[in-house]
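Okay, structure first, notes after.
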Protein chains: 2
Amino acid sequence: MNIGEVADRSGVPAKTIRYYEEIGLVRPARSANGYRAFAETELHKLAFLGRARTLGFSIEECRRLLALYEDDNRESAQVKALAEEHLAEVDARIAGLQAMRETLARLVRSCHGDDRPDCPILDDLAQGG
Amino acid sequence: MNIGEVADRSGVPAKTIRYYEEIGLVRPARSANGYRAFAETELHKLAFLGRARTLGFSIEECRRLLALYEDDNRESAQVKALAEEHLAEVDARIAGLQAMRETLARLVRSCHGDDRPDCPILDDLAQGG
DNA sequence: CATAAGGGTTCCAGCAACGGGAAGCTCAAG
DNA sequence: CTTGAGCTTCCCGTTGCTGGAACCCTTATG
């Protein structure tokens, strides 16, 4: 399989696949003409990576997930721990964004939004909340 | 005022202040010895920027906010529109993260987390949800 | 007076995770 | 034979800084 087909079937862009090879996430063989030659297992790994990325796992977390995926002697507890850790990070980011969101919403509500210059939003930014 | 004092009083790191000068957000004068010489107004602007950044406004949004802040003929509607736009972005990001969060939480719940290799999390990642 | 500490200055590199685009090779079709 | 699509490598740009090197300025101290 050439990179184009793998990109189509895995949903991971060719550019990204090359990048993943560069950082050692996948190691496709090479054909005589220099083209990358992907086996089915590489395709699966890329689909796996694509999915993990959409769930917000970092590249390094993906690397560990992939290692576990390929390790027949893994313990599911390891996978679960990794996922829980990531879940906690996501929760923290959501909490941070929601705090921002509340402040922003309050500011937006406080502003008339007319043709006059007076603006509680700017006042707040200048005052520091 | 030298950069260190401005950093302390505004809460914006000296490195960041230099960066903001580089991209044209602030334009401090220079003393004879080559040091940046900040006026009170620059200090206020930096505090303003720091606050806007903690609310998640991008640098370009901060630039526009600062321009409005300094424009006596502004209309508060312009500020409000900018803030509303940003609020919508934040909401979108929260929604995206929450979707991720739900999937992750479901996966974590589904995994025993014991010493055996069977793992619904890896299965899900491999299958594509 | 030499020097050491603690400012300040510039510039360069790097982070995450790719995407865009150039220059050039290969392959299949007409 | 030529055209066009697909592949290759390489390098730059993104966002918003942060760390570090190498060097200058100022002040206090032995």
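Naming convention: chains lettered A, B, ... in sequence-line order (proteins, then strands); numbering from 1 in each chain.
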key: Phosphate OP1/OP2 of C:dC27 contacted by A:Asn33 side-chain N/O (<4.0 Å)   = yes
task = Determine: side-chain N/O of B:Tyr35 to OP1/OP2 of D:dT26, distance under 4.0 Å, yes or no.
result = no
ask   = Between D:dT9, D:dG16, D:dT18, which one does the side chain of B:Ile59 approach most closely?
value = D:dG16
query = Roughly how many Å is it from OH in A:Tyr20 to P in C:dC18, rounded to a whole number?
reply = 4 Å
task = Using atom CG of B:Leu49 as one end and atom P of D:dC17 as the other, report the distance to the nearest whole Å.
result = 10 Å
task = Taking the side chain as every heavy atom from C-beta outward, state whether B:Glu84 and B:Glu89 have any atom pair closer than 4.5 Å.
result = no
query = Can you tell me if the side-chain N/O atoms of A:Thr16 get under 4.0 Å from OP1 or OP2 in C:dG19?
reply = yes
ask   = Should B:Arg36 be listed as having a side-chain N or O under 4.0 Å from OP1 or OP2 of C:dT10?
value = yes
query = For A:Tyr19 and C:dA16, is the shortest distance between a side-chain N/O and OP1 or OP2 below 4.0 Å?
reply = no
message = Between B:Arg36 and B:Glu21, does any NZ, NE, NH1 or NH2 come within less than 4.0 Å of an OD or OE carboxylate oxygen?
response = yes
ask   = Between C:dG7 atom P and B:Ile17 atom CD1, what is the distance in whole Å?
value = 15 Å
remark   = Separation of D:dA5 atom C1' from A:Asn2 atom CG, nearest Å, is 12 Å
ask   = For D:dC17, does either OP1 or OP2 sit under 4.0 Å from a side-chain N or O belonging to B:Arg53?
value = yes
key: Salt bridge present between A:Arg9 and A:Glu40 (N-O < 4.0 angstrom)   = yes
message = Nearest 0.5 Å, please: how far is CG in B:Leu87 from CZ in A:Arg109?
response = 9.5 Å
Whole-Å distance separating the CD1 atom of B:Ile23 from the P atom of D:dC17 = 8 Å
For atom CD of A:Glu21 and atom C1' of D:dC10, their distance in whole Å = 15 Å
query = Considering heavy-atom distances to DNA chain C, does B:Lys15 or A:Lys15 have its closest nucleotide positioned more toward the 5' end?
reply = B:Lys15
Side-chain ion pair, A:Asp124 and B:Arg51, N-O less than 4.0 Å = yes
ask   = For C:dA17, does OP1 or OP2 lie under 4.0 Å from any side-chain N or O of A:Arg63?
value = no
query = A:Met1 has an atom CE; how far is it from atom C1' of D:dC7, in whole Å?
reply = 16 Å
message = Mind checking if A:Ile3 touches a base, just sugar-phosphate, or nothing, with heavy atoms under 4.0 Å?
response = sugar-phosphate
Nucleotide C:dG7, atom C1' - distance to CD of B:Glu5 in whole Å = 13 Å
